[in-house]
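In the text below, chain A, chain B and the rest are named by the order of the sequence lines, each starting its count at 1.
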Amino acid sequence: MSNRRFRALAIAVVVGSLLLPALGCSMQRQRINIENPYTRIGRVNVGETREEELTAIFGTAPSTVVPIPPDKKGWVYTYGDSKTWMLGFILLNFQKTNTGIDSAIVVVDRDGVVEEVRHGTNSKDLPWQFWPFGGE
Amino acid sequence: MRLRAPARVGLFVLAVCLFFGTGCIYSKRITNAHVRDLDTGRIVVGETTVLDVLDSWGPPAPTEPMGLLRPTDARTFVPSARIYRYVSREMRCASFLAAAPIIGAPVPVAPLLPFVWCDDQPAYVLVLEFDGQGVVKRVSKGTTQVVWRPWNGGGDRAVEIQTTARRGRSLR
């Protein structure tokens with residue numbers, strides 16, 4: 001091997017060994033407010049579950065309770081999921097976060113019995129992505 | 001062997017980049033991306049009801065985790081509300097880091113002096129207004145382009161708004 005080639009190879013090895021430890025990726029998952037929300041929502045039985053039981057079923061207080069005229073109440077729970085994937089190089093890093101937030105509304109009648117439940121499922125199965133450019 | 005001047009300059013730049021160099025991070029956060037795929041063609045003014053909307057799209061949701069929700073915001077989520085807002089929010093950030101060496105550390109550099117530019121916009125907003133009977137009386141759709149700062153200024157962004165309140169019409 002000539003001196004020139006040997007020097008190029010040595011530089012490549014040195015630079016490569018400096019860059020390699022700096023490569024990496026990180027993945028972060030954040031569940032928002034409620035763990036297993038769909039299972040918990042499934043435990044709410046329309047016409048049977050009472051208002052007092054909702055906190056135990058969801059494992060937390062509602063995000064808010066709003067009056068629904070004329071004499072009902074809406075217990076609003078919000079929940080979601082967030083996934084972040086970062087791909088890092090020594091000089092350039094790419095990161096993308098996909099977050100989905102849904103709300104569930106539990107309508108309680110004047111006697112304190114659940115009358116209706118509506119909820120979103122859009123925070124299910126969010127994709128892991130790292131490329132931040134273009135499209136979504 | 002003695003290196004020529006351009007090679008010395010190149011090595012010097014490489015050394016600066018490695019030991020005092022800058023790194024950059026491009027990051028994007030999208031919240032409620034599904035809102036962009038909601039089919040507004042199914043919402044017909046004067047025909048579609050609030051229950052139709054709830055059945056096909058579910059209740060509207062905030063774009064921030066709770067704790068930030070105000071009661072006035074929450075009222076827009078309940079079935080009796082007159083206005084539903086479906087929002088997809090997008091934030092783009094470009095960060096530049098100057099790094100300094102720490103000899104002997106597991107990661108041999110530490111970031112210093114971060115410079116971060118972000119653009120955070122409600123990129124896609126869909127607003128449904130209902131009449132007293134819970135029937136859609138107006139549909140509006142707005143899109144706002146999110147830009148990469150500092151490469152693009154806010155004045156470059158494209159904003160588009162569509163709305164209709166004519167009976168029997170929908171937005172495409």
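Scanning all heavy atoms of the two residues, the minimum distance from A:His119 to B:Pro59 falls at C-CD, 3.6 Å. Of all heavy-atom pairs between B:Tyr26 and A:Pro132, the closest is O-CG, 3.7 Å. Nearest heavy atoms, B:Thr31 versus A:Ile101: CG2-CD1, 4.2 Å.
Shown here is A:Asp125, whose CG atom has no more than 12 heavy atoms of other residues, nucleotides or ligands within 6.0 Å. Enclosure of atom NZ in A:Lys72 is not indicated, since only 12 or fewer non-hydrogen atoms of other residues, nucleotides or ligands lie within 6.0 angstrom.
Just one of A:Thr97, A:Asn98, A:Thr84 meets the side-chain contact (heavy atoms from CB on, under 4.5 Å) condition when paired with B:Arg29; it is A:Thr97.
Between the side chain of A:Ser103 and the backbone N or O of B:Pro60 there is at least one donor-acceptor pair closer than 3.5 Å.
Once rounded to the nearest 0.5 Å, the distance linking CZ of A:Phe130 with NZ of B:Lys28 reads 13.0 Å. Note that CG of B:Leu38 is 7.0 Å distant from CG of A:Asn122, once rounded to the nearest 0.5 Å. Annotation: the span from A:Met86 atom CE to B:Ile25 atom CD1 amounts to 6.0 Å, rounded to 0.5 Å. How far CG of A:Leu126 is from NE2 of B:His34: 10.0 Å, rounded to the nearest 0.5 Å.
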Identify all side-chain donor-acceptor contacts of residues 105-114 of chain A below 3.5 Å with residues at least two apart in sequence or on another chain.
unit_1, atom_1, unit_2, atom_2, d
A:Asp109, OD1, A:Asp111, N, 2.9
A:Asp109, OD1, A:Gly112, N, 3.1
A:Asp109, OD1, A:Val113, N, 3.0

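Heavy atoms closer than 4.5 Å to chain A are found in the backbone of B:Trp57, but not in its side chain.
Neither B:Ile83 nor B:Ile161 shares a network with the other; the hydrophobic side chains, linked directly or stepwise wherever heavy atoms of I, L, V, M, F, W or Y lie under 4.5 Å apart, form separate groups for each. Both B:Trp151 and A:Leu92 are assigned to one and the same hydrophobic cluster, defined by single-linkage of ILVMFWY side chains at heavy-atom distances under 4.5 Å. Put simply, B:Val44 and B:Val135 are part of two different groups of oily side chains (I, L, V, M, F, W, Y) that touch within less than 4.5 Å, one to the next. Cluster annotation: B:Trp117 and B:Met91 are assigned to distinct hydrophobic clusters (Ile/Leu/Val/Met/Phe/Trp/Tyr, side-chain heavy-atom contacts under 4.5 Å, transitive).
Take B:Asp119 and apply the side-chain contact (heavy atoms from CB on, under 4.5 Å) test, not counting sequence neighbours, and it matches B:Gln121, B:Val146, B:Val147, B:Arg149, B:Arg157.
By the 4.5 Å heavy-atom criterion applied to side chains, B:Cys24 and A:Phe94 are not counted as neighbours.
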